[in-house]
A.B. asks: 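Attaching a single structure in structure tokens format; questions to follow.
Quick caveat, the model's predicted, so the values are computed rather than measured.
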Amino acid sequence: MDKKHFFHVQKRTLLAIAGCVWLLAGINVTRLGILSYQCMKTIQWYHPLLSTVIFILFGFMFFKMSLKHTKRIQNYPESTRPFWHFFDIKAYCIMAFMMGGGIWLRSSGLVPNTFIAVFYTGLGLALALAGIMFWIMFAKNFNTKKEKANI
């Protein structure tokens, strides 16, 4: 293997990498939301409902995003790409902004623990669902015979 292709993986593998990244991020964010729920003195009936609304809103957004990235990966002309190409520059910027904003928001104390519990639980579950979507795309929507023929 030459140095140019040392970090290259099959295009299909990019979907698995994206699935791992989004699933791990989702699990971690959900964990933070659940920990915040556990710190609440009282949980009102509408808190889980609001988490569900946030999950649905972000779930639709991340679903569309997973389809967009799958199509982008499938349309790469080469059969292999560097492993970091599971995202494009815009997606990396969004992820950095979301992570930085989330860390700052939690540490700033500007929002109550209830907000963190409700928002992070819904957001985290939507992120995890996006990870699962990438794994579904990895398993179903790639013609592996065609890809192997290009090697």
Side-chain angles (χ1 to χ4, degrees), residues 5-76 78-144 147:
H5 292 96
F6 183 72
F7 293 108
H8 280 224
V9 296
Q10 295 292 317
K11 291 190 299 185
R12 182 173 186 248
T13 305
L14 294 174
L15 294 174
I17 294 170
C20 289
V21 168
W22 284 92
L23 188 58
L24 289 172
I27 289 168
N28 190 49
V29 172
T30 303
R31 181 184 65 81
L32 293 171
I34 291 170
L35 289 173
S36 292
Y37 263 118
Q38 291 173 342
C39 292
M40 292 170 56
K41 292 179 181 158
T42 57
I43 298 174
Q44 301 296 326
W45 65 270
Y46 53 86
H47 291 141
L49 179 64
L50 290 172
S51 288
T52 303
V53 169
I54 290 166
F55 166 73
I56 291 168
L57 293 174
F58 278 97
F60 281 124
M61 183 178 77
F62 292 147
F63 176 78
K64 287 174 33 180
M65 179 268 325
S66 67
L67 294 177
K68 181 186 107 176
H69 284 292
T70 298
K71 186 175 182 178
R72 177 184 51 80
I73 290 168
Q74 288 173 326
N75 288 332
Y76 282 143
E78 307 88 0
S79 62
T80 65
R81 296 292 290 208
F83 69 87
W84 56 85
H85 282 197
F86 67 92
F87 278 161
D88 56 11
I89 294 293
K90 181 180 174 185
Y92 277 113
C93 291
I94 290 170
M95 182 175 264
F97 176 78
M98 288 179 66
M99 288 174 62
I103 292 166
W104 174 79
L105 194 62
R106 276 194 349 270
S107 64
S108 71
L110 292 176
V111 294
N113 192 54
T114 302
F115 174 85
I116 300 294
V118 168
F119 187 76
Y120 272 49
T121 303
L123 177 66
L125 291 172
L127 285 166
L129 180 62
I132 292 167
M133 281 302 303
F134 276 113
W135 275 101
I136 290 170
M137 300 296 184
F138 170 82
K140 285 187 171 183
N141 295 339
F142 243 83
N143 185 345
T144 56
E147 187 171 286

A.B. asks: List the atom of Arg12, the atom of Ala139, and the distance in Å for their closest heavy-atom pair.
C.D. replies: NH2-CA, 4.1 Å
A.B. asks: Report, one line per pair, each donor and acceptor closer than 3.5 Å where one atom sits in a side chain of residues 29-37; sequence neighbours left out.
C.D. replies:
{"unit_1": "Thr30", "atom_1": "OG1", "unit_2": "Gly26", "atom_2": "O", "d": "2.7"}
{"unit_1": "Thr30", "atom_1": "OG1", "unit_2": "Gly124", "atom_2": "O", "d": "3.3"}
{"unit_1": "Thr30", "atom_1": "OG1", "unit_2": "Leu125", "atom_2": "N", "d": "3.1"}
{"unit_1": "Arg31", "atom_1": "NE", "unit_2": "Asn28", "atom_2": "OD1", "d": "3.3"}
{"unit_1": "Arg31", "atom_1": "NH2", "unit_2": "Asn28", "atom_2": "OD1", "d": "2.9"}
{"unit_1": "Ser36", "atom_1": "OG", "unit_2": "Leu32", "atom_2": "O", "d": "3.1"}
{"unit_1": "Ser36", "atom_1": "OG", "unit_2": "Asn113", "atom_2": "OD1", "d": "3.2"}
{"unit_1": "Tyr37", "atom_1": "OH", "unit_2": "His47", "atom_2": "O", "d": "3.0"}
{"unit_1": "Tyr37", "atom_1": "OH", "unit_2": "Ser51", "atom_2": "OG", "d": "2.8"}

A.B. asks: Show the nearest heavy-atom pair for residues Val21 and Phe86, with the distance to one decimal.
C.D. replies: CG2-CZ, 3.7 Å
A.B. asks: Determine whether Ile73 and His85 make a side-chain contact, defined as any pair of heavy atoms from C-beta on separated by less than 4.5 Å.
C.D. replies: no
A.B. asks: Would you check, one step at a time, whether the test side-chain contact (heavy atoms from CB on, under 4.5 Å) holds for Arg81 with Thr13?
C.D. replies: CA-CA 9 Å; Arg81 296 292 290 208; Thr13 305; over 6 Å; no
A.B. asks: Rounded to the nearest 0.5 Å, what's the gap from CD1 on Ile94 to CG on Asp88? Could you check?
C.D. replies: 8.0 Å
A.B. asks: Measuring from atom CH2 of Trp84 to atom CZ of Phe7, what distance do you get when rounded to the nearest 0.5 angstrom?
C.D. replies: 6.0 Å
A.B. asks: Could you measure the distance from the OG atom of Ser66 to the CD1 atom of Ile136? Nearest 0.5 Å is fine.
C.D. replies: 9.0 Å
A.B. asks: Take atom CG of Leu110 as the centre, draw a 6.0 Å sphere, and report whether it contains more than 12 heavy atoms from other residues, nucleotides or ligands.
C.D. replies: yes
A.B. asks: Between Phe115 and Leu105, does a side-chain contact (heavy atoms from CB on, under 4.5 Å) hold up when you go through it step by step?
C.D. replies: CA-CA 10 Å; Phe115 174 85; Leu105 194 62; 3.7 Å; yes
A.B. asks: Quick one: does any side-chain atom of Thr121 pair with a main-chain N or O of Val118 as donor and acceptor, under 3.5 Å?
C.D. replies: no
A.B. asks: Quick check, are the ring centers of Trp22 and Phe87 under 6.0 angstrom apart?
C.D. replies: yes
A.B. asks: Among residues at least two apart in sequence or on other chains, which ones pass side chain to side chain donor-acceptor pair (under 3.5 Å) with Tyr76?
C.D. replies: Arg72
A.B. asks: Should Phe62 and Leu127 be marked as a side-chain contact (heavy atoms from CB on, under 4.5 Å) after you check the CA-CA gap, both sets of side-chain angles, and the distance that decides it?
C.D. replies: CA-CA 7 Å; Phe62 292 147; Leu127 285 166; 3.6 Å; yes
A.B. asks: Do Thr70 and Gln74 have side-chain heavy atoms sitting under 4.5 Å apart?
C.D. replies: yes
A.B. asks: May I ask you to check whether Phe6 and Phe83 place their ring centers less than 6.0 Å from one another?
C.D. replies: no
A.B. asks: What's the separation between atom CD1 in Ile43 and atom CD in Gln38, rounded to the nearest 0.5 Å?
C.D. replies: 8.5 Å
A.B. asks: ring-ring contact (aromatic ring centres under 6.0 Å, His included) with Phe55: which residues, sequence neighbours excluded?
C.D. replies: none
A.B. asks: Evaluate the criterion side-chain contact (heavy atoms from CB on, under 4.5 Å) for residue pair His69 and Phe134; output intermediate values, then yes/no.
C.D. replies: CA-CA 9 Å; His69 284 292; Phe134 276 113; 3.9 Å; yes
A.B. asks: Would one find more than 12 heavy atoms of other residues, nucleotides or ligands at under 6.0 Å from atom CE of Met99?
C.D. replies: no
